[in-house]
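Presented below is the structure to which this report refers.
Numbering starts at 1 and runs along the sequence shown. Basis for what follows: all heavy atoms, side chains included, without hydrogens, waters or symmetry-related copies.
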Amino acid sequence: MNPYDIGSKNNEDYGIWDKEVYSPISGVVIAAYDGEKDIDPGSEDFTLLEGNHVYIKVDETGTYLLLNHLKKDSVTVKEGDRVNAGDVIGRIGNSGSTSEPHLHIHHQRQDPTKVLHPILAEGLPLYFEGINGEAMPKKGDIIIPDILKN
């Protein structure tokens, strides 16, 4: 999804702004926050690097999936909730350390609630189904179904 006007200072000009975010996997929400304001593209007026976010402990692997930069007041889940692939968990925003509206997805082994900084943990592979030329996933890798990428 391309922005309408690359370089715009208005969040609404970006095609991804305010789109629903679906859980790409099944698991338990271990953290959810949506109290940080959305910033104008190019601004650095943020409090949390990751901004508004949802962290999920993945059922299948016991690893963690972090979804960051969500829109203020849009997160629909809370800590302890069980989510399934396809459940709406929030909306695309521009919160935290970000240059423009987008969704940051990070897969890691360490519990993000128990490390010094959530996004600085060791990153793990993340594969999207249906992408031509993709590497074959290994046991323990997360695969995001095509249906959740639209």
Looking only at heavy atoms, what is the nearest atom pair of [X] and [Y], with distance?
X      : Y     : value
Ser23  : Ile25 : OG-O, 2.6 Å
Gly86  : Tyr22 : O-CD2, 3.2 Å
His53  : Asn68 : CB-OD1, 3.3 Å
Gly90  : Thr76 : N-OG1, 4.0 Å
Gln110 : Tyr64 : O-CD1, 3.3 Å
Ala85  : Pro24 : CB-O, 3.9 Å

Determine whether more than 12 heavy atoms belonging to other residues, nucleotides or ligands lie under 6.0 Å from atom NZ of Lys57.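 Result for NZ/Lys57: open.
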Would you say Glu44 has more than 12 foreign heavy atoms packed within less than 6.0 Å of its CD? no
Between Thr63 and Arg109 (side chain of the first, backbone of the second, donor and acceptor by atom type, cut-off under 3.5 Å), is there such a pair?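 Here the side-chain-to-backbone pair does not exist.
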Got a second to check how far [X]'s [atom1] is from [Y]'s [atom2], nearest 0.5 Å?
X     : Y     : atom1 : atom2 : result
Asp45 : Glu36 : CG    : CD    : 8.5 Å
Ile39 : Ser99 : CD1   : OG    : 9.0 Å
Asp87 : Ser26 : CG    : OG    : 7.5 Å
Lys19 : Lys71 : NZ    : NZ    : 11.0 Å

Within-4.5 Å side-chain heavy-atom neighbours: [X] and [Y]:
X      : Y     : value
Ile105 : Leu66 : no
Ile56  : Val28 : no
Asn10  : Asp40 : no
Asn52  : Lys72 : yes

When you check the gap from the basic side-chain N to the acidic O, do Asp18 and Arg91 get nearer than 4.0 Å?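 Counted as a salt bridge, because a side-chain N and a carboxylate O are separated by less than 4.0 Å.
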Distance-only side-chain donor-acceptor flag, Glu12 / Tyr14, under 3.5 Å: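 Judged by distance alone, the side chains do not pair up.
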Who passes ring-ring contact (aromatic ring centres under 6.0 Å, His included) against His106, sequence neighbours left out?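 Applying ring-ring contact (aromatic ring centres under 6.0 Å, His included) to His106 gives none.
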Can you get from Ile16 to Val75 by hopping between Ile, Leu, Val, Met, Phe, Trp and Tyr side chains that sit under 4.5 Å apart? yes
Would you mind writing out the side-chain donor-acceptor pairs for residues 112-120 within the sub-3.5 Å range, not counting sequence neighbours?
from   : atom 1 : to     : atom 2 : distance (Å)
Thr113 : OG1    : Asp111 : OD1    : 2.6
Thr113 : OG1    : Asp111 : OD2    : 3.3

Output all residues satisfying side chain to side chain donor-acceptor pair (under 3.5 Å) with Asn11, sequence neighbours left out; order by chain, then residue number. Asn94
Test side-chain contact (heavy atoms from CB on, under 4.5 Å) on Val21 and Val88 and set out the steps. CA-CA 6 Å; Val21 175; Val88 174; over 6 Å; no
Under 4.5 Å side-chain linkage, directly or through intermediates, the cluster mates of Tyr33: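 Under the 4.5 Å side-chain rule, Tyr33 groups with Leu48.
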Here the ring-ring contact (aromatic ring centres under 6.0 Å, His included) pairs for residues 68-103, sequence neighbours left out, are His69-His102, His69-His104
Please list, one pair per line, the donor and acceptor atoms closer than 3.5 Å that link side chains of residues 77-84 to other protein atoms, with sequence neighbours excluded.
from  : atom 1 : to    : atom 2 : distance (Å)
Lys78 : NZ     : Asp81 : OD1    : 3.1
Asp81 : OD2    : Lys78 : N      : 2.9
Arg82 : NH1    : Asp59 : OD1    : 3.3
Arg82 : NH1    : Asp59 : OD2    : 2.7
Arg82 : NH2    : Asp59 : OD1    : 3.2

